[in-house]
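Data block below; observations after.
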Amino acid sequence: MPEIPAVSRRLLLGGALATGATVAGVGAAQAAPHDGADLAAGPSPRRGPGQKSMINVPFEARRTVRVGVIGLGNRGSAMSEGWSVVPGCTVAAVCDIRADRAKRVADKLVSQGKPRPAEYGGSDDSYERMLRRDDIDLVYIATPWEFHHRQGRAALLSGKHALVELPVATELDELWDLVDTSERTRRHLILSENCSYGRNELAMLRMAHDGLFGDVTNGHGGYLHDLRELLFSDTYYTDSWRRRWHTRSTGSLYPMHGLAPIAAAMDVNRGDRMTALRATATEPRGLADYRERFIPKSHPSWKETYVNGDLVTCLIDTAKGRIIRAEHEVSSPRPYSRINSLAGSRGIFEDYAGTSATGGRIYVEPDHSGHAWRDFDAYRKEFDHWLWTKIGDDAENNGGHGGMDYVLQWRTVQLMRAGLVPDIDVYDSAVWCSPVALSVKSLALGGRPVQIPDFTRGAWVNRRPGLDTGPSEMPPVD
Ligand SMILES: NC(=O)c1ccc[n+]([C@@H]2O[C@H](COP(=O)([O-])OP(=O)(O)OC[C@H]3O[C@@H](n4cnc5c(N)ncnc54)[C@H](O)[C@@H]3O)[C@@H](O)[C@H]2O)c1
């Protein structure tokens, strides 16, 4: 059974209709100036033989979900434990190019009373052997970015669904290839966007759908995280893979954590679409400055030249004339933020800005007046997503980014076991990751706008639920 989106209270009361406006705005959207002539817009490539849309395609229901994990560093090892505690989920196999990491994760799971997963490792193609198993339903990929496309594609071709860490691919042709391969194999490939399941992000989404901001006109998100110490650590990122990306190109390497929740709140691919992107970049100063002050001259990083700008900003137009500002900044001193701000004709929400327990602040008419911010707490309570009211305590006890890792894992398993339509599909995954490649392109053109492909091939005009679903149960475990 498809899930029915929650009915909007303000919609029923006849308030501002963010949702209704989306449907009504489609005709106008196609003629919007952002979608157009100056960008040499071409049609999306035609579907190949045997390809069909994956929109609204449910998972086939199953009793249990058996996960195979590729990449067992910081992320993959923590997430392996996370999978193992979700009801009805087991870790069937684990793989890392470094075989000792597969053994370490398998030992840890056994020490926690879980079945021992099969171990794969020893070479960079060991995952291909793991994919030949017929007892894996979902492949979770947490390797460095350069491997995601190849491994995600291989998982689909082996007949498994895939949940891939950010970004699912770093080039446009690779994103199209993942869309095409998913459509051909009838397997889902999903960006493992845990921040889409953040408690404040989901409340922001529900507030937008309830019309609290009136007509949503703009949003601002980002990934602003001082990673300098970790980037120069010799033990954190394996072989310093993440620092090396800063020597390769100027672009927004990882904006998705802030972009995806804004895009979801604007119903991107569900009534609106991202059409064009222009990027700016500051000079690359932070990493070289940090190295100068803290890293011995004998360190291998002294052979590197950092070319990526410290702050890379993408301005994204949508078909309905909205603007998204998505930022990436990991190389300067600053406290952590994903910004999460959404605004429209009736008000604004800003995360990471308030002093209240929830960390957000808000100002919406007619509730507020007088030009003064208000605490978000009461709104978070009113608009808390059912996933958090249902499993929030479990999520917080199971750690991982304030609980959103567990919510993502629980929900993925629930969708698969109950045979529901994924909240995030391959089209969302592709378009949310497209700024990685497109920002490089725009910056190479001096910041000129570049067109964002329509990975849905026109289906974006149709309203459909995404992350804002009505409540549903996890099937019982026998
Ligand atoms: N969503 C989130 O909140 C979040 C948080 C942290 C990391 N990540 C993502 O997770 C991924 C991994 O990051 P990390 O911090 O764990 O890095 P890491 O360096 O700690 O781990 C990467 C692992 O992949 C392994 N590996 C490399 N090539 C492989 C191959 N061909 N086959 C099998 N294993 C291979 C390495 O040996 C290493 O163990 C990245 O994509 C990162 O962006 C996401």
Side-chain angles (χ1 to χ4, degrees), residues 68-83 93-106 108 117-131 139-155 162-170 174 190-198 201 221-225 227 229-246 252-261 328 330 336 338 395 399-409 411-412 424 429 432-433 436:
V69 181
I70 308 177
L72 301 165
N74 306 301
R75 184 72 177 151
S77 51
M79 289 289 277
S80 296
E81 291 179 47
W83 291 117
V94 289
C95 171
D96 196 289
I97 192 168
R98 291 161 178 81
D100 58 311
R101 295 192 176 180
K103 181 173 184 316
R104 190 179 66 199
V105 170
K108 184 86 184 278
E119 294 163 39
Y120 293 85
S123 67
D124 69 354
D125 57 1
S126 303
Y127 70 92
E128 289 174 5
R129 283 191 293 117
M130 185 185 95
L131 292 178
V139 178
Y140 168 68
I141 297 170
T143 50
W145 303 334
E146 44 271 51
F147 299 104
H148 290 181
H149 164 247
R150 178 187 329 166
Q151 293 172 339
R153 173 190 165 80
L163 186 74
V164 185
E165 275 301 343
L166 293 66
V168 292
T170 58
E174 294 173 348
I190 298 171
L191 181 71
S192 186
E193 184 41 278
N194 46 345
C195 298
S196 291
Y197 289 96
E201 284 89 338
Y223 184 66
L224 309 172
H225 191 181
L227 290 178
E229 189 178 346
L230 298 180
L231 288 171
F232 282 101
S233 158
D234 288 330
T235 52
Y236 195 78
Y237 294 117
T238 312
D239 295 336
S240 305
W241 66 265
R242 196 161 183 165
R243 192 179 71 236
R244 287 171 199 223
W245 277 91
H246 290 257
S252 183
L253 298 177
Y254 194 83
M256 293 73 70
H257 284 324
L259 167 61
H328 180 258
V330 297
Y336 182 91
R338 297 194 298 275
H401 295 112
M404 64 192 180
D405 291 350
Y406 182 79
V407 176
L408 162 84
Q409 292 180 295
R411 177 65 172 163
T412 304
I424 298 170
S429 307
W432 295 346
C433 295
V436 177

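Model, not experiment: these values are computed from the prediction. Counting starts at 1 for both ligands and their atoms, following the listed order.
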Heavy-atom side-chain proximity of Cys195 to Tyr223 below 4.5 angstrom: no

Of the listed options Tyr120, Tyr127, Trp145, closest to atom 43 (O) of ligand 1 (non-hydrogen atoms): Trp145

How far is atom 40 (C) of ligand 1 from the closest protein heavy atom, and which atom is that? Thr143 O, 3.4 Å

Residue portion contacting ligand 1 (non-hydrogen atoms closer than 4.0 Å) for Gln151: side chain

Numbered in order shown, the ligand 1 atoms found under 4.0 Å of a heavy atom of His257 are 1 (N), 2 (C), 3 (O)

Please say which of Val168, Leu166, Ile141 ends up in a side chain to side chain contact (heavy atoms under 4.5 Å, CB included) with His148. Ile141

Which label fits Trp145 and Tyr254: parallel for a plane angle under 30°, tilted from 30 to 60°, or perpendicular past 60°? parallel

Nearest neighbour in protein (non-hydrogen) for atom 28 (N) of ligand 1: Phe147 CE1, 3.4 Å

Please work out, at 4.0 Å between heavy atoms, whether the side chain, the backbone, both, or neither of Asn194 comes within that distance of ligand 1. side chain

Which segment of Arg75 sits under 4.0 Å of ligand 1 when only heavy atoms are counted: both

Heavy-atom distances under 4.0 Å decide this one: backbone, side chain, both or neither, for Ile70 against ligand 1? side chain

Residue-level breakdown please: for Tyr237 versus ligand 1, do any non-hydrogen atoms fall below 4.0 Å on the side chain, on the backbone, on both, or on neither? both

